[in-house]
Each structure stands twice: as C-alpha cells, then as structure tokens.
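In what follows, a structure is listed as structure tokens, so that the remarks can point back to it.
Reckoned from all heavy atoms, side chains included, excluding hydrogens, waters and symmetry mates.
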Amino acid sequence: MIASVSSIPIKVIKILPPSYKIPDPLPWAQLVGPLAAAEDAVARFDERVAKSPIRDGAISRTHFTDACASLWLDGELVHLDDLVLHDAGMDVRAPTHELTRAHAVLRARRRIAEAKPEWALSAPGLSSLRGRGEREQETSNRKEGEGGFEIDEAPERAEVGLEWPPGVLETDPHLAAAFDAVDAANARAERRLADETRFRPERDSLIYDSDWDEEERLDHWRDVVDQTRGLPPTLAGAIAIDAWDEIEPLEHTPWLGRLLAAALLRDRGKTRSHLPCLHAGLKSIPRERRRPRDAAARLVVQLEAMTAAAESGRKDHDRWLMTRNLLARKLAGRRATSKLPALLDYVLTRPIVSAGMIAAELGITPRAAQNLVAELGLREATGRGRYRAWGVL
C-alpha cells in the first residue's frame, strides 16, 4: 500500500522582492494642503535655527530626542536620561539591547548632520551608514591582490633587539632551534588567519535571510528617489519614507529610512541648518493613522509628521532660549575665570547633565560641579537616588 503511493513533486517558488511605484497621477487634491503646511513649517523652523544663539545646543538635543523616538515607534522604551549617560560613557546600569540600538541611531544622526548634504544618499555614505564600508573595502582589496596572503614558508628571521655576542646564534644549537620553532609557529598562525579571512562568510545565515538582496532593494529605492527630483522637497521626502517602508531595503535597520529622508531634505536645500526629526514627528501622529492602506493617505501622514516635527522643534527651541536668557542674568558680575558661562553652554547641549559629565567637560571635580549647579540654579531632572542629574527642560 505504501509502495503504491506516488511521490508528489514540490516546486519551490522564490518570492519576488517588493516593488514600489509613485502614484501616477499624484492625488494633488489630497496633498496640496498638508504639503503647503509642511513646506512652510519646515522652512520657518530651519530659518529660526539658523539665526539662533543656541543653534548648536538645540541641534545636539534634538539628536537625543529623535533617537529615543525611533525606538518608541518600534514599541521599545528608552529613557532619555539613560541614552545621555550611555553616550557619555557613564551608565548607571548595564546597557540594554534597546539602549545600544538607540545609541546607533544617535551616532548615525550625528554622522549625517556633520557630513555634507549629499553624503548620506551617495554610495559611500550608504555603505558607511550600513556598516558595510570597511567590509567591502577589505573584500575588494582581497580580490585585487589574489595570492597576497601567500606567506613565505621560510621567513627571514627578525632581528633581535638585544645585542648578542658575535657568533652566539651560529654556535649555540639550542638557541637557534628555539628561534626556528618560533618562526615556524608564526608562519603557521599567519597562514591560518589568512585562510579564515579568505573563506569566512560575510553574513551568518542564522541572522540574515539569504534571499534578502539588500543591494537590489537599495537600487530600487534609489531609483524611486531619483524620480522625485521634480517634486517639492517635503513631498519627495514623504515618498522616500513610504518607499522605504514598502521596499524594506535593509533587513535589520529599518530606522535608517527616515534619517535618509531627512538627509534628502538637506540635499534638496529645504533645510540648511538642521536635520529634521522625522521619528519624533511621526510619534505625535495617532497610532491608528500611521499606516493606512491608501498610498495618498500614507503620504499625507508623512507630511503631517514633518509639520509636527517642525512645530514641536520650534516650541522647544523657544523654551530653551527663554530659559537660557533667564539663567544668563546670573552670570552678571562674575569674574573672567568663572566656569558658570561654560556650564550654561554645556547644559544646553544635553537634555540632562550629571556631576560626572560636568566635571569631565569643564575639567573640575564632581564636588565643584555640584557647587556650580547650585549657583546656576539648575533644576534636578531625574529624581533618582543612585545619581543626580540636572537639565534645562
């Protein structure tokens, strides 16, 4: 009975990578209102930051806020004060996986903000942000110099730093044999390392999907971005975000899409003084409205997120500037060598500062840092017993 059962052939169907097409024609009736609001809000906030006396501090604080918001959108909670302390290397507990991911977003934002506007969207910029730059460079070097790992079976004996009497190595057979054994062991170790480097797989199949062609998906996403050159910058950024969510170019770093869309706004000349916080803007949108099925509705949501990010950034900037002006009154009459002006400038660059952070930045003791905080009248921000931190909220 078992022999009469015929085998059923199984055909493996390879899943095609997702594709994205810009709506043609664009639903201008739905987009014109949110588009005008986003263009105006982003431009106003960028102009305010450009002429602000606290420009560097405000930009530095927004990096931390957007990094925490990126994890919040993925359902992970990262406290802002933990991220600040982790960035300063002064963790009060062992860093979690979510905290390290948020710090990766923070570092990526800083790299994009400090680089030229067109760097992030270029091929070298994308490779560097993906963490593939050094690996691809090593691979190309190995391909260019094939056979470069061949090691001389009888390498020349390195010169010994000690001054041996003449003829000792030739007359002492035990010492010469010891040096020969060391040279042979070094040659074997170098050959083993060369073989492991040559045949080591670039990606672990347990972590990465072998059918996930990141290069092909990235090329498709960049083609979509190239098609938006004739559109307004904010609409082009919204399309770039929507295409990234649909194509999913990178398997493990989905948060990079909004950073690249923010870099697109800089590249198109919409923002010249800051990197928009698109994660923080989307966080203000209700959860049930973030991923509608209609393409036009998705673009509207992204435009509204840009507007919310710009308006929230403008309010935060005005609050920080007002607090700075109030605290600056306490600097009147201070001696020229006082550390209070430096403390005021530093506290505006971080959401919170601890005594250790102040001491490391100003070159003073933690006790002196606490005295300066008391003189400046900063507000304690954490309320935790294990450490104390202050900030301009």
Side-chain angles (χ1 to χ4, degrees), residues 17-23 26 35 38-39 42-43 45-46 49-50 59 62-63 66-67 69-70 73 104-137 140 212-282 298-299 302-303 305-306 309-310 313:
S19 60
Y20 181 86
K21 291 184 179 180
I22 300 176
L26 285 169
L35 175 60
E39 289 279 333
V42 172
F45 179 53
D46 187 70
V49 171
I59 292 176
T62 57
H63 292 335
D66 196 60
S70 67
L73 293 174
V105 180
L106 176 65
R107 295 197 309 269
R109 277 190 61 88
R110 286 173 174 169
R111 294 189 64 184
I112 295 175
E114 293 172 359
K116 295 182 179 180
E118 67 276 4
W119 174 80
L121 297 174
S122 62
L126 284 173
S127 298
S128 180
L129 292 173
R130 294 165 56 198
R132 301 289 301 276
E134 297 180 357
R135 184 186 306 169
E136 292 176 356
Q137 183 66 27
S140 62
W212 199 293
D213 192 347
E214 289 189 351
E215 299 297 336
E216 180 182 356
R217 295 184 181 219
L218 268 178
D219 291 340
H220 180 32
W221 181 78
R222 295 179 70 179
D223 291 341
V224 173
V225 173
D226 290 338
Q227 298 174 19
T228 63
R229 293 196 174 275
L231 299 176
T234 53
L235 181 57
I239 293 176
I241 298 174
D242 189 41
W244 185 279
D245 292 338
E246 293 293 326
I247 300 173
E248 297 181 345
L250 304 185
E251 190 173 358
H252 294 286
T253 52
W255 47 263
L256 187 59
R258 284 183 175 78
L259 297 186
L260 294 178
L264 177 65
L265 296 179
R266 291 183 66 216
D267 186 31
R268 303 287 173 90
K270 188 61 183 178
T271 59
R272 302 177 183 272
S273 304
H274 79 289
L275 190 67
C277 301
L278 301 184
H279 290 107
L282 187 62
R298 292 198 301 268
L299 296 180
Q302 301 302 332
L303 293 172
M306 295 181 189

How far apart are the closest heavy atoms of [X] and [Y], and which atoms are they?
X: Ala261; Y: Leu278; value: CB-CD1, 3.8 Å
X: Leu265; Y: Pro233; value: CD2-O, 3.3 Å
X: Trp221; Y: Pro249; value: CB-CG, 4.2 Å
X: Val225; Y: Ala240; value: CG2-CB, 4.1 Å
X: Ala50; Y: Ser273; value: CB-OG, 3.0 Å
X: Ala67; Y: Val105; value: CA-CG1, 3.9 Å

[atom2] on [Y] to [atom1] on [X], rounded to 0.5 Å:
X: Leu282; Y: Met306; atom1: CG; atom2: CE; answer: 10.5 Å
X: Trp244; Y: Leu250; atom1: CH2; atom2: CG; answer: 4.0 Å
X: Leu235; Y: Lys270; atom1: CG; atom2: NZ; answer: 12.0 Å
X: Leu218; Y: Arg130; atom1: CG; atom2: CZ; answer: 5.0 Å
X: Arg109; Y: Asp66; atom1: CZ; atom2: CG; answer: 4.0 Å
X: Asp242; Y: Ile247; atom1: CG; atom2: CD1; answer: 9.5 Å

Are [X] and [Y] side-chain neighbours, meaning at least one heavy-atom pair lies under 4.5 Å?
X: Thr62; Y: Leu275; answer: no
X: Pro232; Y: Glu39; answer: yes
X: Arg266; Y: His274; answer: no
X: Leu231; Y: Leu26; answer: yes
X: Leu260; Y: Leu126; answer: yes

Are a donor atom and an acceptor atom from the side chains of Ser70 and Arg258 found within less than 3.5 Å of each other?
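Not at all, the side chains of Ser70 and Arg258 share no donor-acceptor pair under 3.5 Å.
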
Is a donor on one side and an acceptor on the other found under 3.5 Å between the side chain of [X] and the backbone of [Y]?
X: Gln302; Y: Ile239; value: no
X: Ser128; Y: Gly125; value: no
X: His220; Y: Tyr20; value: yes

Which pairs of donor and acceptor atoms, one on a side chain in residues 112-121, lie under 3.5 Å apart (sequence neighbours left out)?
none

Not counting sequence neighbours, which residues clear side-chain contact (heavy atoms from CB on, under 4.5 Å) with Arg272? List them please.
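With sequence neighbours excluded, Arg272 shows a side-chain contact (heavy atoms from CB on, under 4.5 Å) to Asp46, given in chain and number order.
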
